[in-house]
Amino acid sequence: MLRFGLCCIFREEPIRFRATTAKALLSLDRRARLAKLSRLAMENASSLLAALEAVRRLGFGAFRVLSPLLPRYTHPEVGYRLEDLPGGDAITAKLREAAAFRALHDLRLSFHPDQFVVLSSPRPEVVERSLAELEYQGLMAELVGAETITLHGGGGYGDKGQALARWRKHFAELSPGVRGRLALENDDVTYTVRDLLPACEALGVPLVYDVHHHRCNPDGLSVAEATALAAATWREAGREPWFHVSSPRNGWGGNAPKPHADYLDPSDFPTEWLGLDATVDVEAKAKELAVARLMKELGAEPWMGKGRGG
DNA sequence: GCATGTCAAGTTGTG
DNA sequence: CACAACTTGACATGC
């Protein structure tokens, strides 16, 4: 069956993740800085557990975790380690509590590094920071039991072949824990499913198929073909396929940017996906309300975990 | 309280 | 050239 996933935050559920800025941290001495970071990290760890409880209650089967659970962790000036934080053990324990809840209810967790993480960049300093950020996200993924870190190909720099060769080279520099979790996702301006498949197959990296991006940035493959090719990269690894879907706020016409709408238009949901064993992250501004509405409109069953009769 | 300006980071495309 | 878009507005400050 299909399981539906929520991305990062909630519209109505009273669950919030906290952040801070490097500038604010730099105005504090080391002791006050670490105390503040510790407080925020503990709040975020508790919020993650609350988020997973809400996800389960709402009948969803997946959750995308907001990357900065530990705010500014890899910042060159205010970066730190978990062991540096007062109460670091309690933070770790709370994250492991979330991991246990995830496992008990068979929820699938992912991370999605933001736009600054670019393994295809020709600039060494960009790649270096990207590798550090991915190692941080790998550490978080390990702690909370997240299966996947979903990354885009990055920039094309006028030569996508060369850029992807750089991506593959830097992929090899990551730790095994990150390599084993990394997935590639087609994006809306540069890399299509057709572009990414050779790298995915060569590296054993599964392909997250975003049908919204595919419609913005087509490659001659039909939705059915792209679905089958992407799904094969997951099944090769004995894993369940992972897809993304969203609707454009201002319709599909024209070349203007296509920000996400509040809710899914059910006609944007590929009929090719119905009946598959797969995970579908719903990217919509109305968050859990949008996931719930889409499931209702599709007649989808709530996720109860594999082998739990759901 | 509330309005407003700011926030680490990359790359691309539009107007 | 400025700005929006991207997984996401939240935080810090000043009134």
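In the text below, chain A, chain B and the rest are named by the order of the sequence lines, each starting its count at 1.
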From dG10(B), dG13(B), dA8(B), pick the nucleotide closest to the side chain of Val189(A)? dG13(B)
Distance under 6.0 Å and angle within 45° of ring axis: Arg235(A) vs Trp242(A): no
Spacing of Asp188(A) atom CG relative to dA5(C) atom C1', expressed in whole Å: 8 Å
Cation-pi check for Trp234(A) against Arg239(A): NZ or CZ below 6.0 Å from the six-membered ring centre and within 45 degrees of the axis, yes or no? no
Is the His152(A)-His213(A) ring centre distance short of 6.0 angstrom? yes
Could you state the atom-to-atom distance from CD of Glu128(A) to C1' of dA9(B) in whole Å? 13 Å
I'd like the P distance from dG10(B) over to dG9(C), given in whole Å. 22 Å
Watson-Crick or G-U pairs under 3.5 Å in DNA chain B, rendered as dot-bracket with [ ] for crossing pairs and | for another strand: |||||||..||||||
Let me spell it out: for each of His212(A) and Lys285(A), pick the nucleotide of DNA chain C with the closest heavy atom. Which residue's pick is nearer the 5' end? His212(A)
Among dG13(B), dA9(B), dG10(B), the one nearest Gln115(A) by side-chain distance: dG10(B)
Leu26(A) CG to dC7(B) P, in whole Å, measures 11 Å
Before accepting this row, confirm whether a basic side-chain N of the pair Arg56(A)/Glu53(A) lies closer than 4.0 Å to the acidic partner's carboxylate O. no
Using a 4.0 Å heavy-atom cut-off across all strands, classify Gly156(A) as base, sugar-phosphate, or nothing. sugar-phosphate
Hey, is Phe116(A) doing a stacking thing with dG10(B), by the 5.5 Å centroid and 30° angle criteria? no
Whole-angstrom distance between dC6(C) and dC2(B), as gauged at atom C1': 30 Å
Arg72(A) CZ to dA8(B) P: how many Å, rounded? 6 Å
Could you list all N or O pairs between the protein and nucleotides 10-13 of chain C that sit under 3.5 Å apart?
residue: dC11(C); atom: OP1; partner: Arg18(A); partner atom: NE; Å: 3.0
residue: dC11(C); atom: OP1; partner: Ala19(A); partner atom: N; Å: 3.3
residue: dA12(C); atom: OP1; partner: Thr20(A); partner atom: OG1; Å: 2.8
residue: dA12(C); atom: OP1; partner: Lys36(A); partner atom: NZ; Å: 2.9

For Phe10(A), is the NZ or CZ atom of Arg16(A) found under 6.0 angstrom from the centre of its six-membered ring and inside 45 degrees of the ring axis? no
Would you say Ser121(A)'s side chain and Val127(A)'s backbone share a donor-acceptor pair under 3.5 angstrom? no
Could you tell me whether the phosphate oxygens of dT8(C), OP1 or OP2, come under 4.0 Å of any side-chain nitrogen or oxygen in His260(A)? yes
Would you call Glu142(A) and Arg181(A) a salt bridge, taking side-chain N to carboxylate O under 4.0 Å as the test? yes
Could you check whether Cys7(A) gets within reach of a base, just the sugar-phosphate, or nothing at all, counting any heavy atom under 4.0 Å? nothing
So do the side chains of Glu13(A) and Lys287(A) get within less than 4.5 Å of each other, counting heavy atoms only? no
With respect to the phosphate group of dT11(B), does any side-chain polar atom (N or O) of Ser121(A) fall under 4.0 Å of OP1 or OP2? yes
Which value, in whole Å, describes the distance between the P atoms of nucleotides dT8(C) and dC7(B)? 23 Å
At under 4.0 Å, does any side-chain N or O of Arg123(A) touch on OP1 or OP2 of dT11(B)? yes
Measure centre to centre between the rings of Trp273(A) and Phe243(A), then say whether the value is under 6.0 Å. yes
How is His244(A) classified with respect to the nucleic acid when contacts are heavy atoms under 4.0 Å: base, sugar-phosphate, or nothing? nothing
Below 4.0 angstrom, N of the basic side chain to O of the carboxylate: do Lys285(A) and Asp262(A) qualify? no
Rounded to whole angstroms, how far apart are OH on Tyr157(A) and P on dG10(B)? 10 Å
Same-atom distance (P) from dG5(B) to dC3(C), integer angstrom: 13 Å
